[in-house]
2 protein chains.
Amino acid sequence: MGTFTLKKMYERKIQEDLDCGISVAMKVFGAKWKPCIIDAISRGARRPSELHREITTTSARVIDMQLSELVTYGVLSKKTGTGFPLCVEYSLTPMGESILPILAHLSAWGLKNKEVVKKIAQNGQEAPAGKKRSWNELSTIC
Amino acid sequence: MGTFTLKKMYERKIQEDLDCGISVAMKVFGAKWKPCIIDAISRGARRPSELHREITTTSARVIDMQLSELVTYGVLSKKTGTGFPLCVEYSLTPMGESILPILAHLSAWGLKNKEVVKKIAQNGQEAPAGKKRSWNELSTIC
DNA sequence: TCAGGTACCGAATAATTTTTCGGTATGGAT
DNA sequence: ATCCATACCGAAAAATTATTCGGTACCTGA
């Protein structure tokens, strides 16, 4: 028996293609803090308060929101205690566990390339845009 | 000798952490259409016009922008022809090639889970939010 | 009864990314 | 001189995501 209300989710204007595997993956764990949260949980942080303490680069609210989305998509499961103080534990489902190796690959790739990327990023020009065609770009083909 | 101007890139207000491998990876190939473009190129599409024809779900402008970012970050290399008609070819650099297995993993994961995700996504409530605590959520712990 | 720790939530706002629109430039063919 | 296909680009608008702010609720011990 419970009163409840369902908040309607943000309604996209542009449809996404959930037949594309990459879109699906990105939807489920591609948000800014989700990999971070999944990682922390895989390393043993289970309670929201622990996560809040561990991840200080964003607010508690943000973590809470992402946690609940991860539960919705079946990446995490949630157990609620009734004792005192309130206690909730999140843990990875098998589906969640299956994400870990992918995150490991992403992380390895990023670490391997981070110096180059950093250098380019700090150059301040994302794209060599605005250049008006003139000198030879590289070798000539075609 | 060439006239040119550099368009300044979007200046972030919130700093990103480029020591985190996952952030780096996401920055380089995590944008909406980049995986798609990388994939198309890996399958043999080299010229912008081919890509435009192959990827019809977004505009040419979008593809062009992503292409130039991918070049900037060293994922693609660009060769410009001087003949007629104008001809440009993009190809994967070794760094670009090294992304392919990761995309394959992401894609495989997504395809394996897409039915579940689709079902949940179309349920219309992203998060089971708004629920006011009352019945037992799951088993009790703590 | 009140403070204190835990777990949440909604609505507004800000930041970021994506998309649209309307251009420029090149060189050959007509 | 105009038209075509190719390859680009800037600026504004729209869409999406992330963040901030100010709450509620539960239980217990002081």
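Distance A:Met9 CE to C:dG10 P: 15 Å, rounded to the nearest Å. At whole-Å resolution of the value, OH in A:Tyr10 and P in C:dT18 are 13 Å apart. With rounding to whole Å, A:Met65 atom CE is found 17 Å from D:dT16 atom P. Here the C1' atom of nucleotide D:dT17 and the CG atom of A:Asp64 are 17 Å apart, to the nearest Å. Between the CD atom of A:Glu16 and the C1' atom of C:dT17 there is a distance of 15 Å, rounded to whole Å. The distance from atom CZ of B:Arg12 to atom C1' of D:dT19 is 14 Å, rounded to the nearest whole Å. For the pair A:Lys32 NZ and D:dT16 P, the interatomic distance rounds to 19 Å; values are reported in whole Å. For A:Lys8 and C:dA11, the NZ to C1' distance is 11 Å, given to the nearest whole Å.
In this structure a side-chain-to-backbone donor-acceptor pair under 3.5 Å is present from A:Thr72 to A:Ser68. At least one donor-acceptor pair closer than 3.5 Å links the side chain of B:Thr93 to the backbone N or O of B:Gly74. Under the 3.5 Å distance criterion, the side-chain polar atoms of B:Ser98 are matched with a main-chain donor or acceptor of B:Met95. Between the side chain of B:Ser42 and the backbone N or O of B:Asp39, at least one donor-acceptor pair lies under 3.5 Å. A donor-acceptor pair under 3.5 Å is formed between the side chain of A:Glu50 and the backbone N or O of A:Arg47.
Set against C:dC8, C:dA15, D:dT19, the side chain of A:Tyr90 has C:dC8 as its closest nucleotide. For B:Lys7, whose side chain is taken as the heavy atoms from C-beta onward, the closest listed nucleotide among D:dG10, D:dC8, C:dG10 is D:dG10. Of the candidate nucleotides C:dC8, D:dT16, C:dA15, C:dC8 has the atom lying nearest to any side-chain atom of A:Lys78. Here C:dA7 is the nucleotide among C:dT19, C:dA7, C:dA15 with the atom lying nearest to any side-chain atom of A:Arg47. Among the nucleotides D:dT16, C:dT20, C:dA15, the one closest to the side chain of B:Ser59 is C:dT20.
Under the rule for a salt bridge (Lys or Arg N to Asp or Glu O under 4.0 Å), the partners of A:Glu16 that lie at least two apart in sequence or sit in another chain are A:Arg12, A:Lys27. In this view, B:Lys112 satisfies the side chain to side chain donor-acceptor pair (under 3.5 Å) rule with no residue, not counting sequence neighbours.
Listed pair A:Trp33 / D:dT17 fails the phosphate criterion, with no side-chain N or O lying under 4.0 Å from OP1 or OP2.
Projected onto DNA chain D by closest heavy-atom contact, B:Leu67 and A:Gln66 fall at different nucleotides, the more 5' of which corresponds to B:Leu67.
Across all strands shown, A:Ala60 has no heavy atoms under 4.0 Å from either base or sugar-phosphate atoms.
For the pair A:Lys118 and B:Leu18, the tightest heavy-atom approach, listed with the atom from each and the gap, is CE-O, 3.6 Å.
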Mind listing the side-chain donor-acceptor pairs of residues 56-65 of chain A below 3.5 Å, one per line with the distance, residues two or more places apart or on another chain?
{"unit_1": "A:Ser59", "atom_1": "OG", "unit_2": "A:Val62", "atom_2": "N", "d": "3.4"}
{"unit_1": "A:Asp64", "atom_1": "OD1", "unit_2": "A:His52", "atom_2": "NE2", "d": "3.0"}

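Residues from residues 48-58 of chain B lying near DNA chain C, meaning a heavy-atom separation below 4.0 Å, are B:Thr58 in numerical order.
Applying the ring-ring contact (aromatic ring centres under 6.0 Å, His included) rule to pairs touching residues 18-49 of chain B yields A:Trp109-B:Phe29, sequence neighbours excluded.
No donor-acceptor contact under 3.5 Å links the side chain of A:Arg61 to the base of D:dG23.
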Contact list (N/O, under 3.5 angstrom) for nucleotides 2-5 of chain D vs protein:
none

